Amino acid sequence: MDTILLKSIRAVDAENDFISDIYIEDGKIKHVADSIKMDADIVIDGQGLAVMPSFFDMHVHFRDPGFTHKEDIHTGCGAALAGGVTGVVCMPNTKPVADNPDVIKYIIDKADGSGVDVYPAGCITNGMSGEGLCDYLALKSAGVKAISDDGRPVESSEQMLRALEQSNKNGLLVISHCEDLSIINGGIINKGEISEKLGVKGMDRVSEDMITAREIILAESVDARIHIAHVSTKGSTEIIRQAKKAGVKVTCETCPHYFLLTDEMLLARDADFRMNPPLRTADDVEAIIEGIIDGTIDCIVTDHAPHTAEEKSDFEKAPNGVVGLETSFAAALTGLYHTGKISLNKIIELMSANPRKLLGLEPVSIKPNETADLVIADLNKEWTVEPEMLHSKSKNTVFKGMTLKGKPIVTLSKGEIKYKEM
Ligand code: DOR
Ligand code: ZN
């Protein structure tokens, strides 16, 4: 394995921010010092660049098995690496769904050697049907760290309560897709001024807020952990904030599109801007940013959800979802860091340290003996998102045509360069 020397680079992790030389050998950070005078196979001049612990995206859809025309594990991992991501949790709404050890093993084996640590989420319920809990011990033994029926809520409160009890016993994190389907009732974008203007059925924010509150109450009753997926509303952010204050073991995540964009993007009737939960209003965007700043929101994830151009060609019938792995860091920098809202340490906490902690994995720091899972980025590089340049098989990005500031340029996985911008 090549030795790598990073010269005069800004080294940033969740706690520190300093200029240093860094020497990498045998998959590990070996030395962190002012001026390292050692030969290395690869020397990178770090002037103007930052090196950080690589990102961990705990909410992606890799579509494999079953929907590999949208994405497969190899292209998904390629997209991850291009975004500085070396670890993911991939959601189980594949075909077949990941409700048994065979599917989990298939995913882990196929990802082997990619440079991305892929942790498949197991289903909460058999066949993601909402009824009948999966064998959590068997899933855990196969490598599962978290369970979810993402894409759908667990409609029965009783089933969710049992799932929380059982998963808690097994040390698995329950990731909940919070949506009340009786309220949604066929809605396709946020319910409000824009849905009225477009004459389409809206998705009432109350749907998300209600099930967020339900999950918190259920989790509290059995002293279990609960992680709320893709928070998009002011209401659920506030509910989570209060629950945390009261000592409930609740954590949550949001996605870049929820703190950068509003439902006004839907006025163009382009299904690439449709996802579930949907883009909300300026009020919600502000609340999400507030939640990130004050620690209510623990993680930034992408909900990377590839769909083909053909599927996305019909505004009203298209499936929900947007790709995001290759734009998440740039979007977070653009919306949160370059605007002075949060520090780079905080971005790393949200995108790297906290997801790893929630899953029981060791966070990476920039110090000797740490695994060299690292991303080198140009924080000030301005680039325009062109869908065609994405590594993902699908090009359904909400950031198309937007100029973002900051870009990962080298991604190291266990000391090996797995992505390098040309
Ligand atoms: O927008 C979404 N797409 N939300 C989900 O919950 C599921 C996901 C998908 O699988 O496409
Ligand atoms: Zn999802």
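Remember, it's 1-based here, ligands and their atoms both numbered in the order they're listed. Heavy atoms only: backbone and side chains are in, while hydrogens, waters and symmetry mates are out. As the structure is a prediction and not an experimental result, all values here were calculated from the model.
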Looking at ligand 1, does any of its N/O atoms fall within less than 3.5 Å of an N/O of Pro277?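 No, there is no polar N/O contact under 3.5 Å.
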Do His304 and Asp57 have side-chain atoms, one donor and one acceptor, less than 3.5 Å apart?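 On atom types as modelled, these side chains do not qualify, holding no pair under 3.5 Å.
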Do His227 and Glu253 meet the criterion of a side-chain donor-acceptor pair at a distance under 3.5 Å?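 Per modelled atom types, His227 and Glu253 side chains form a pair under 3.5 Å.
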Any N/O/S atom, backbone or side chain, of His230 lying under 2.8 Å from the Zn ion (ligand 2)?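 Under 2.8 Å: His230 has no N, O or S contact with the Zn ion (ligand 2).
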Taking N, O or S atoms only and a limit of 2.8 Å, check whether His177 reaches the Zn ion (ligand 2).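 Checking the Zn ion (ligand 2) against His177, no N, O or S atom falls under 2.8 Å.
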Polar side-chain atom of Asn170 near backbone of Leu172 as donor-acceptor pair, under 3.5 Å: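 Checked: no pair found.
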Step-by-step side chain to side chain donor-acceptor pair (under 3.5 Å) determination, Ser182 to Asp180: CA-CA 6 Å; Ser182 67; Asp180 184 315; 2.5 Å; yes
Quick one: sort the His177 and His230 rings into parallel, tilted or perpendicular, breaks at 30° and 60°.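 Ring orientation of His177 relative to His230: perpendicular.
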Report the C-alpha distance between Ser352 and Arg356 in whole Å, list the side-chain angles of each, state the deciding distance to 0.1 Å, and finish with yes or no for side chain to side chain donor-acceptor pair (under 3.5 Å). CA-CA 7 Å; Ser352 180; Arg356 286 182 166 103; 2.8 Å; yes
Distance filter under 4.0 Å to Asp303 heavy atoms, resulting ligand 1 atoms: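 The list of qualifying atoms is 4 (N).
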Using a 4.0 Å cut-off to any heavy atom of Met275, which atoms of ligand 1 qualify?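 Contacts of ligand 1 toward Met275, numbered from 1: 1 (O).
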Are [X] and [Y] close enough for a salt bridge, meaning some N to O gap below 4.0 Å?
{"X": "Lys381", "Y": "Glu421", "value": "yes"}
{"X": "Glu316", "Y": "Arg269", "value": "yes"}
{"X": "Arg205", "Y": "Glu208", "value": "no"}

4.0 Å heavy-atom contact, Arg63 with ligand 1: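 So Arg63 counts as touching ligand 1.
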Proximity of His307 to ligand 1 by residue part, where a heavy atom lies under 4.0 Å: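 Within the 4.0 Å criterion, His307 contacts ligand 1 through side-chain atoms alone.
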At what distance is the nearest protein heavy atom to [atom], and which residue and atom is it?
{"atom": "atom 10 (O) of ligand 1", "value": "Asn93 ND2, 2.8 Å"}
{"atom": "atom 7 (C) of ligand 1", "value": "Gly151 CA, 3.8 Å"}
{"atom": "atom 1 (O) of ligand 1", "value": "Asn276 N, 2.9 Å"}
{"atom": "atom 8 (C) of ligand 1", "value": "His61 NE2, 3.8 Å"}
{"atom": "atom 3 (N) of ligand 1", "value": "Asn320 O, 3.1 Å"}
{"atom": "atom 6 (O) of ligand 1", "value": "His177 CE1, 3.0 Å"}

Given atoms OD1 of Asp303 and OD2 of Asp150, what angle do they subtend at the Zn ion (ligand 2), to the nearest 10 degrees?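 Approximately 170° at the metal, rounded to tens of degrees.
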